[in-house]
Amino acid sequence: MGRSNTQRDLTAHTTSIRCTPELLGDMTALVWDFGDYQSPVRRAWRELGSTAARNGKWIKDVQESDPFLVPYSIAVTVLQQITDGYVYLDKYLAFMVTLNPVEPETLRKVFTYLEGIARKVPLDEIPFMDQPTLARLVAEAAPRRLSLAENILQPEDGKPASPDSWAYEAVKWHIARKLASKPFLDQEIEPVLEAYEAANGETKHRTADWQPSENIAAVQYRPISTGDLIAWDQPIGPVFANLAHPVDLGEAIMALPQNPTRSQVQYAMSRLSVKMATYTAEPNPVLNLDAHIRRVNNTVIHASTVLVDQGRTGPSCPYP
């Protein structure tokens with residue numbers, strides 16, 4: 001049964017890109033398949049979640065960790081920190097996907113620590129000689145390097161494309177890295193200056209207006225480990241409103257007042273999101289790119305996530 005007009009997604013995306021063999025090329029990802037709902041590893045995962053829920057008060061008081069983040073979010077955060085950042089772990093542990101290899105010993109340590117926290121064991125007393133069942137099973141699982149093109153594109157039998165869940169995550173990372181490899185081209189905006197006579201009689205100039213120049217502005221985006229992109233070096237906010245486009249970071253630093261108010265230290269950055277979707281009329285999935293604003297809080301205490309700068313060679317990782 002089809003959906004009524006009021007139920008359809010009428011989102012107007014900023015831009016859309018069809019998935020093609022040329023676009024996906026030789027893109028691959030490493031995929032850990034942890035089996036069906038009743039597999040031993042997924043049963044152990046559910047048991048760990050139940051244990052963490054029962055010990056929530058101890059986890060919060062002693063480990064200073066939010067019990068609602070144990071075990072899932074802690075596992076993802078730690079794996080992102082100690083790898084290249086491109087890690088996605090299914091909430092129900094159906095699968096894990098990365099772009100680069102993760103050593104079995106790394107997985108064993110992460111899940112051993114995780115089980116110790118959930119079972120009320122202090123970090124410095126967690127035993128590594130006796131491997132928990134979950135840590136052993138996760139470390140023993142062998143990943144497969146799979147082709148995104150083979151998984152995402154329409155099969156030869158003509159049936160509609162039906163990508164696996166892992167492909168929706170991995171393709172965003174690849175596309176974000178492609179988009180970040182070259183600058184976005186825009187038009188520079190320059191100030192229109194007007195002369196005025198200062199109180200001391202000296203002739204000075206002030207900005208009366210702004211106008212497009214004949215120069216091209218190159219705006220560089222950086223990938224985020226979620227598959228989005230962010231214009232890290234291009235702050236947006238009232239303090240920078242009197243600066244030309246693109247913003248020069250040196251001028252941006254100078255524009256900050258000596259004793260800024262809370263609103264003056266608050267700013268934003270341009271963000272691009274990348275999401276793959278399937279449509280009835282399209283034989284292959286489509287990548288939807290949308291423009292957003294990423295607001296930066298004026299104090300860490302009110303922030304839900306923190307973006308960690310890993311330079312231009314790695315993704316900026318948002319950590320809860």
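Side chains are part of it too, since the values below use all heavy atoms of this structure and drop only hydrogens, waters and symmetry mates. None of these values were measured; they are calculated from a predicted model.
- Other residues, nucleotides and ligands place no more than 12 heavy atoms under 6.0 Å from the CG atom of D26.
- Side-chain contact annotation: R108 with Q131, donor-acceptor N/O pair under 3.5 Å present.
- At least one donor-acceptor pair closer than 3.5 Å links the side chain of Q234 to the backbone N or O of V247.
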Practice item. Check the pair R136, E140 against salt bridge (charged side-chain N to carboxylate O under 4.0 Å, His left out), reporting the backbone distance first and the verdict last. Key: CA-CA 6 Å; R136 177 179 56 79; E140 289 176 351; 3.5 Å; yes
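- Cluster annotation: Y92 and Y168 are assigned to distinct hydrophobic clusters (Ile/Leu/Val/Met/Phe/Trp/Tyr, side-chain heavy-atom contacts under 4.5 Å, transitive).
- Ring-centre distance between W173 and Y86: below the 6.0 Å cut-off.
- Cation-pi geometry between R206 and Y196 is met: under 6.0 angstrom from the ring centre, within 45 degrees of the axis.
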Exercise for review: For E115 and L48, run side-chain contact (heavy atoms from CB on, under 4.5 Å): C-alpha distance rounded to whole Å, both residues' side-chain angles, the deciding distance at 0.1 Å, then the answer.
Suggested key: CA-CA 7 Å; E115 183 140 353; L48 185 63; 3.9 Å; yes
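- Connection of V87 to V78 is established within a shared hydrophobic cluster, with ILVMFWY side chains joined at heavy-atom distances below 4.5 Å, either directly or through further cluster members.
- Within a 6.0 Å radius of CG in N200, more than 12 heavy atoms belonging to other residues, nucleotides or ligands are found.
- Residues S16 and N288 bring a donor and an acceptor atom of their side chains to less than 3.5 Å of each other.
- In this structure P257 satisfies the side-chain contact (heavy atoms from CB on, under 4.5 Å) test together with V239, P260, Q264, sequence neighbours excluded.
- When all heavy atoms of L23 and R18 are compared, the closest pair comes out as CD2-O, 3.6 Å.
- You'll find the side chain of T28 stays beyond 4.5 Å of the side chain of L146, heavy atoms only.
- Distance check: R271 CZ to R294 CZ gives 6.5 Å after rounding to the nearest 0.5 Å.
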Practice item. Please test V192 against W210 for side-chain contact (heavy atoms from CB on, under 4.5 Å), starting from the C-alpha separation and ending with a verdict. Key: CA-CA 5 Å; V192 177; W210 295 89; 5.9 Å; no
**Study point:** Residue pair L79, V110: steps toward the side-chain contact (heavy atoms from CB on, under 4.5 Å) verdict
**Key:** CA-CA 8 Å; L79 287 171; V110 169; 3.9 Å; yes
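- When all heavy atoms of I230 and M269 are compared, the closest pair comes out as CD1-CE, 3.5 Å.
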Practice item. Take T98 and Y88 through the test side chain to side chain donor-acceptor pair (under 3.5 Å) and record every step on the way to the result. Key: CA-CA 6 Å; T98 71; Y88 181 87; over 6 Å; no
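- The hydrophobic clustering, which links ILVMFWY residues whose side-chain heavy atoms are closer than 4.5 Å, places I189 and V219 apart.
- W45 places a side-chain N or O within donor-acceptor distance of the main-chain N or O of K91, the cut-off being under 3.5 Å.
- Separation of atoms CZ (R295) and CD1 (I236) is listed at 10.0 Å; rounding is to 0.5 Å.
- Of all the heavy atoms in P155 and P160, the pair that sits closest is CD-O, 4.2 Å.
- At a threshold of 4.5 Å between non-hydrogen side-chain atoms, the residues D90 and S165 do not count as touching.
- A continuous path of ILVMFWY side-chain contacts below 4.5 Å connects M96 to I82, so both sit in one hydrophobic cluster.
- The shortest distance between side-chain heavy atoms of I152 and N284 does not fall below 4.5 Å.
- For the atom pair K178 NZ and L229 CG, the distance stands at 13.0 Å (nearest 0.5 Å).
- At a cut-off of 3.5 Å, with distance as the only test, no side-chain donor of S39 or R42 sits close to an acceptor on the other residue.
- For the pair L24/H174, no side-chain contact is recorded, criterion being any heavy-atom separation below 4.5 Å from C-beta on.
- Remark: side-chain polar atoms of N151 are paired, donor with acceptor, to backbone N or O of D164 under 3.5 angstrom.
- At a threshold of 4.5 Å between non-hydrogen side-chain atoms, the residues L287 and V171 count as touching.
- In this structure, R177 CZ and M27 CE are separated by 9.0 Å, a value rounded to the nearest 0.5 Å.
- Distance check, rounded to the nearest 0.5 Å: OG of S225 to NZ of K172 gives 10.0 Å.
- With hydrogens and angles disregarded, no donor-acceptor distance shorter than 3.5 Å links the side chain of T106 to the backbone of V102.
- Nearest heavy-atom pair across W166 and L148 is CZ3-CD1, 3.7 Å.
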Exercise for review: Might you work through the salt bridge (charged side-chain N to carboxylate O under 4.0 Å, His left out) test for D290 and K275, ending with a clear yes or no?
Suggested key: CA-CA 9 Å; D290 290 299; K275 291 185 179 180; over 6 Å; no
Practice item. Please test L137 against F111 for side-chain contact (heavy atoms from CB on, under 4.5 Å), starting from the C-alpha separation and ending with a verdict. Key: CA-CA 10 Å; L137 292 174; F111 283 87; over 6 Å; no
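- Shortest non-hydrogen contact noted between E188 and I216 is OE2-O, 3.8 Å.
- Side-chain atoms of V97 and L30, non-hydrogen and from C-beta on, never get closer than 4.5 Å to each other.
- Rounding to the nearest 0.5 Å places CG of D84 at 4.5 Å from CG of N100.
- Side-chain contact between M276 and C19 is present, with at least one heavy-atom pair separated by less than 4.5 Å.
- Using a 4.5 Å heavy-atom cutoff, the side chains of P143 and V31 are not in contact.
- Residues L179 and Y221 share a single hydrophobic cluster, defined by chaining ILVMFWY side chains whose heavy atoms lie under 4.5 Å apart.
- Classification of the Y267-F240 ring pair by plane angle, with boundaries at 30° and 60°, yields perpendicular.
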Practice item. For T51 and R54, run side chain to side chain donor-acceptor pair (under 3.5 Å): C-alpha distance rounded to whole Å, both residues' side-chain angles, the deciding distance at 0.1 Å, then the answer. Key: CA-CA 5 Å; T51 300; R54 289 195 303 271; 3.3 Å; yes
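- Of all heavy-atom pairs spanning S273 and D228, the tightest one is CA-OD1, 3.3 Å.
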